[in-house]
Amino acid sequence: MATDALDLSISGGANGADAHLRRGVADLQCFIGDPVGAANAAIEADPDTVMAHVLKGYLYGLSTEPTAGPVVRAAHGAAVALPANPRERAHVAALGHLAEGRWHDAGRVLADLTGEHPLDALALQAGHQIDFFTGSALMLRARIERALPAWDESMAGYHAILGMHAFGLEENADYGAAERAGRRAVELNPRDGWAQHAVAHVMEMQCRQREGIAWMRGNAERWTKESFLQVHNWWHLALYHFDLGETDEVLALYDGPIFGARSTIALNMVDASAILWRLHLGGVDVGDRWAPLAAQWAPHAGASAYAFNDMHAMMAFVAGGREEEAARLLAAQDEAVAGADDNAGFTRDVGRPIARALHAFGRGDYAQTVRLLSAVRSRAHSFGGSHAQRDVIDLTLIEAAIRSGDRAMAGRLTAERALRREASPMSGILRQRADAIAVV
């Protein structure tokens, strides 16, 4: 009988398919290499390897790409027809939910699965990503903590469990424990990009920018090599420089590893929009950089696949002067809210009001921006992302309040943000904009 890296039995696995599957999961745990290629290799070696189809389905389903749906549904269709043990059938059920956009249901199935099989590394990995994309800070921590007692450092992939735990701790503001877990994970496997990123989040939230720069620069060769998380980690480095007001460094990183390759991957474009928008709020001249980014986002305007991505597409359309695409995206969101999947709720409750607020900001209707963002900021976590990523919502609201003349609101929001971030209330660039307001 074939097994995975921790001796859990798998159906199929002949002709080396089990080795390909183990490689794919190991690559995913570090966010490196080619886990899709490994899944395909496993399927080619033995098409009856149900978990290879599941792995491929998860990889596409968790990509948030608007074109991923058919691949995920095909992977589920292949998996559901194969012989499988009960643990694998739970995976297939979770993948079926994900294929239909039922993120929360998929996460619940995987939570039940790891309750019975805490050493199922792929279930923990997929569940953790679902918790991230649905903004469930509680489950980011709890899902891993429930399984953690079954793990130890002698086990393959233990670094990834620590790295996920570190991120869950950070999103629940347990910064000391998060940093210890993340650092240990990187010691165990210096190529673990998720653990590297968890520590970066800690330093961002504690406004330890210089330490953060040293942390990212000191290990860059390891976390960038063949990593599909590297753009996001370069974004973290850029964010430290942004916080310090070092715009030349930010733009150099943008022109280089963040957007120099003009990636069309949605998650990479999110990071590009996120850093340029922060500069935009601070009045920094970014030249013609918005135009190519907005052009990359343009194919996404006709369909709302994931509301968090829509927010970043709208940033590019607004700042890049792409009114036609902005209008198409708003219309696509109107269609999305009529759907039966979870993105309908993400869009209705958070994504559409934020997109409309950004659109209003671009028109100079700052009072409308304030009204729309004020109404949703308390529930913005529900459409995914991290605290550091969603901080752009508050930064936009503060800037809109300043521009609308509501200094009292801007002051209150700035003081509130300072309490959450354990240190300076604003970055160097945005602090210059706040000089005119009296904090009350």
Side-chain angles (χ1 to χ4, degrees), residues 26-33 35 62-64 124-133 135 137 140-141 143-144 157-209 211-243 253 257-258 263 265-272 274-275 308 312 384-392 421:
D27 281 357
L28 176 58
Q29 288 179 310
C30 285
F31 290 78
I32 61 172
L62 297 172
S63 72
T64 75
L124 290 170
Q125 193 81 26
H128 186 70
Q129 290 302 306
I130 288 170
D131 296 335
F132 172 73
F133 287 120
L140 278 168
R141 177 174 182 167
R143 182 184 302 271
I144 306 304
Y158 179 68
H159 66 90
I161 307 304
L162 282 184
M164 290 186 288
H165 190 217
F167 185 63
L169 291 165
E170 180 277 325
E171 287 296 289
N172 285 275
D174 193 346
Y175 298 128
E179 184 169 354
R180 289 191 294 274
R183 285 183 179 274
R184 182 57 183 152
V186 173
E187 288 173 0
L188 291 172
N189 190 333
R191 299 198 65 196
D192 187 331
W194 192 256
Q196 180 80 26
H197 131 284
V199 177
H201 271 274
V202 170
M203 294 177 178
E204 170 64 24
M205 296 306 295
Q206 293 186 318
C207 295
R208 294 160 56 194
Q209 289 90 1
E211 289 181 74
I213 291 168
W215 168 249
M216 300 306 286
R217 291 287 188 190
N219 191 32
E221 289 186 6
R222 301 290 184 90
W223 59 255
T224 59
K225 184 180 179 182
E226 299 175 348
S227 171
F228 46 93
L229 192 65
Q230 66 168 290
V231 169
H232 185 65
N233 276 338
W234 284 119
W235 175 80
H236 274 285
L237 179 59
L239 202 58
Y240 296 134
H241 288 294
F242 171 81
D243 289 340
L253 288 166
I258 293 176
S263 173
I265 296 172
L267 296 178
N268 291 344
M269 293 192 297
V270 161
D271 291 324
I275 199 65
F308 188 78
H312 292 86
S386 65
H387 293 307
Q389 289 175 305
R390 294 189 302 268
D391 187 43
V392 75
R421 293 174 62 84

Between T224 and N233, is any pair of side-chain heavy atoms under 4.5 Å apart? no
If a pair satisfies salt bridge (charged side-chain N to carboxylate O under 4.0 Å, His left out) and one of its residues is in residues 157-177, list it, with sequence neighbours excluded. R141-D174
Heavy-atom pair with the smallest gap, counting every atom of A238 and I258: CB-CD1, 3.8 Å
Set of residues satisfying side-chain contact (heavy atoms from CB on, under 4.5 Å) with respect to D27, sequence neighbours excluded: R23, I32, P35
So, taking the atom named CG in D243 and the one named CG in D391, what distance separates them when rounded to the nearest 0.5 Å? 8.5 Å
Positive for side chain to side chain contact (heavy atoms under 4.5 Å, CB included) with Y175, one of R208, R180, M203, M205: M205
For F133, check ring-ring contact (aromatic ring centres under 6.0 Å, His included) against everything at least two apart and list the hits. W103, Y306
Heavy-atom pair with the smallest gap, counting every atom of Q389 and V270: NE2-CG1, 4.5 Å
Would you give the length of the straight line joining atom CG of N189 to atom SG of C30, rounded to the nearest 0.5 angstrom? 4.0 Å
With rounding to the nearest 0.5 angstrom, report the CG to CZ distance, L162 to R184. 8.0 Å
Compile the donor-acceptor pairs under 3.5 Å between side chains in residues 190-200 and protein atoms, sequence neighbours left out, one pair per line.
residue, atom, partner, partner atom, Å
R191, NH2, K225, O, 2.5
D192, OD1, W194, N, 3.1
D192, OD1, A195, N, 2.9
D192, OD2, H159, ND1, 2.7
W194, NE1, H128, NE2, 3.1
Q196, OE1, N219, ND2, 2.8
Q196, NE2, W215, O, 3.2
H197, ND1, W194, O, 3.0
H197, NE2, H201, NE2, 3.2

Please check this pair: side chain of R217 against backbone of L237, looking for a donor-acceptor N/O pair closer than 3.5 Å. no
In Å and rounded to the nearest 0.5 Å, what is the CG to CE distance from L239 to M216? 11.0 Å
How close do A160 and Q29 get, counting heavy atoms only, and between which atoms? CB-CB, 3.7 Å
H312 vs F308, ring-ring contact (aromatic ring centres under 6.0 Å, His included): CA-CA, chis, key distance, verdict: CA-CA 7 Å; H312 292 86; F308 188 78; 4.9 Å; yes
What are the two closest non-hydrogen atoms of W235 and A274, and how far apart are they? NE1-CB, 3.6 Å
L267 CG to F228 CZ distance, which is reported to the nearest 0.5 Å: 10.5 Å
Residues which pass side-chain contact (heavy atoms from CB on, under 4.5 Å) with A266, listed by chain and number, not counting sequence neighbours: T64, E65, H300, N309
Holding to side-chain hydrogen bond (donor to acceptor under 3.5 Å, both in side chains), I want the full list of residues that pass it with Q129, two or more places apart in sequence or in another chain. none
Between atom CD of E179 and atom CG of L169, what is the distance when rounded to the nearest 0.5 Å? 12.0 Å
